Amino acid sequence: MTNGKKIAMISGITGQDGGYLAKFLLEKDYRVLGLYRRGATDTFAKLKEHGILEKIELLDFELLEFSNICRLLRKHQPDEFYNLAAQSFVAASWEEPVYTAQADGMGVLYILEAIREFSPKTRFYQASTSEMFGKVQEVPQTEKTPFYPRSPYGVSKLMAHWMCVNYSESFNVFACSGILFNHESPMRGKEFVTRKITAHFAEIYTGKTNEPLELGNLNAKRDWGFSGDYVEMMWKMLQHDKPDTYVISTGETHSIREFVEEAGKHCDFDLQWEGSEENEIGIDKKTGKTVVRVNPKFYRPAEVEMLIGNPEKARKILNWNAKVDFKSLCRMMILADIERAKKGILV
Ligand code: GDD
């Protein structure tokens, strides 16, 4: 605490959730220390778009450098630490399994150790994930559903999750694990499927491209919520009187295909599907143009076919509800990308 202000450290400040969380905490009058990786390809574009870049104190941070993490915690003694830094793209985790395990598994252990040794009053939030449920053992998934991760990413995140539980049971570290289902926004990176769809459709709609959008598995289903809703829940977890694990989701599931169709409506596409599996295409009947094409290159070695979370515990204990539903989320994202495309700032 400095000048009566609570201090929050956010790792992964340049990412989608980092921006929304920083904005939320600044509105609550926190002093926000934003941790970012020097030399990362990420820029501060999202923080600029939120209009908060100059309000955040930016500090160099490297998830794989234990000494750096220790120094930061010893020096700043933050009230709260939100770990949003990760190799967060599931598909990349098969190409970079070792790095993913180091960053998403060991990196979290480094932070927990640094808290235990140098800043034991710091409350810790870990960005856990529905990918830990993977090949789901129960529908819908709750905090009690057995885990079955399907990617090096999911396995690494599972290690981090159990480290949080273990450090809170063993050393009294206030470590919370938020099992967040997919959460999206206009700030989402374009490697993730929702934003890949809205950005590409916006380009077709505004005449910037004639190329069809290439996608992998159209039939996978996800429980998609709005990042801006979910960051509130991260904060709520750390205000509670004991550390715990919570599922954060909307309780609805939709396929990639449905997301494509919903986004297409806002581009005036009269979408019709033809062919099957890797030969499937989506045609805009109005123009006869192929706007979507399946490319097996985007299939995953092991797919998570369906995720749907039950957020009842978060509702009951923390009085939290997702406010933005599937259709509103899709609308928000496609309209934002159409605006950006029209202004020539769709990046
Ligand atoms: N990215 C991508 N690109 N996904 C595609 C594509 C494509 O061209 N075509 C189909 N998909 C399918 C994937 O196979 C997957 O089933 C689904 O779309 C969602 O993929 P992503 O948007 O990349 O997200 P994710 O579900 O793998 O992971 C996201 O959510 C997790 C929470 O469940 C990420 O944000 C993770 O970091 C997060 O933990």
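This one's a predicted model, so the numbers in the text were calculated from it and none came from an experiment. Just so you know, residue 1 is the first one in the sequence shown, and it goes up from there. All ligand and atom numbering here is 1-based and tracks the order in the structure.
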Between the side chains of Thr245 and Glu143, does any donor sit under 3.5 Å from an acceptor? no
Under a plain distance cut-off of 3.5 Å, with no hydrogens placed, do Glu96 and Gln102 share a side-chain donor-acceptor pair? no
Between Glu274 and Lys285, is the closest basic N to carboxylate O distance under 4.0 Å? yes
Contact region, Phe192 to ligand 1, non-hydrogen atoms below 4.0 Å, reads both
Tell me whether ligand 1 is touched by Phe89 - counting only heavy atoms on the residue side and a distance under 4.0 Å. yes
Give me the ring orientation class for His161 and Phe147: parallel if the planes are under 30° apart, tilted from 30 to 60°, perpendicular past 60°. perpendicular
Heavy atom of the protein closest to atom 23 (O) of ligand 1 (residue, atom name, distance): Arg300 NH2, 2.9 Å
So Glu232 and Lys28, salt bridge (Lys or Arg N to Asp or Glu O under 4.0 Å) or not? Walk me through it. CA-CA 11 Å; Glu232 181 191 5; Lys28 293 214 166 285; over 6 Å; no
Of all the atoms in ligand 1, which lie at a distance below 4.0 Å from a heavy atom belonging to Ala220? 16 (O)
Could you tell me whether Arg123 and Glu80 make a salt bridge, using a distance below 4.0 angstrom between a side-chain N and a carboxylate O? no
Shortest protein heavy-atom distance from atom 33 (O) of ligand 1, along with the residue and atom involved: Ser130 OG, 2.4 Å
For atom 24 (O) of ligand 1, which protein heavy atom lies nearest, and how many Å away is it? Asn182 ND2, 3.6 Å
Any Thr250 side-chain heavy atom under 4.5 Å of Phe326 side chain: no
For Glu191, take its heavy atoms, then give the atoms of ligand 1 lying under 4.0 Å from any of them. 1 (N), 2 (C)
To the nearest 0.1 Å, how far is atom 10 (C) of ligand 1 from its closest protein heavy atom, and which atom is that? Asn217 O, 3.3 Å
Are any non-hydrogen side-chain atoms of Val193 and Phe259 less than 4.5 angstrom apart? no
May I ask you to list the atoms of ligand 1 that are less than 4.0 angstrom from any heavy atom of Ile256? 12 (C), 17 (C), 18 (O)
Got Ile69 and Glu113 here, is their nearest side-chain heavy-atom distance under 4.5 Å? no
Tell me which protein heavy atom sits closest to atom 7 (C) of ligand 1, plus the residue, atom name and distance to 0.1 Å. Lys196 NZ, 3.7 Å
Check: Tyr36 and Phe44 side chains under 4.5 Å, non-hydrogen atoms: yes
Taking Thr253 for its side chain and Leu307 for its backbone only, find out whether a donor-acceptor pair lies under 3.5 Å. yes
Contacting atoms of ligand 1, where contact means under 4.0 angstrom from a heavy atom of Phe298: 8 (O)
Using a 4.0 Å cut-off to any heavy atom of Glu303, which atoms of ligand 1 qualify? 13 (C), 14 (O), 15 (C), 16 (O)
List ligand 1 atoms under 4.0 Å from Tyr153, heavy atoms only on the residue side. 36 (C), 37 (O), 38 (C), 39 (O)
Any nitrogen or oxygen of Leu180 lying under 3.5 Å from a nitrogen or oxygen in ligand 1? Just yes or no. no
Is there a polar contact, in the sense of an N or O pair closer than 3.5 Å, between Arg188 and ligand 1? yes
I need the nearest protein heavy-atom contact for atom 37 (O) of ligand 1: residue, atom name and distance, please. Ser88 O, 2.6 Å
Heavy-atom check, side chain of Met234 versus side chain of Phe24, under 4.5 Å: no
Output the list of atoms in ligand 1 that are nearer than 4.0 Å to some heavy atom of Gly216, sorted by atom number. 6 (C), 8 (O), 9 (N), 10 (C)
Pull out every atom of ligand 1 sitting under 4.0 Å from any heavy atom of Val90, numbered as shown with elements. 27 (O), 28 (O)
For atom 11 (N) of ligand 1, the closest protein heavy atom turns out to be Val193 CG2, 3.8 Å
Considering only non-hydrogen protein atoms, determine which one is nearest to atom 15 (C) of ligand 1 and report residue, atom name and distance to 0.1 Å. Arg222 NH2, 3.4 Å
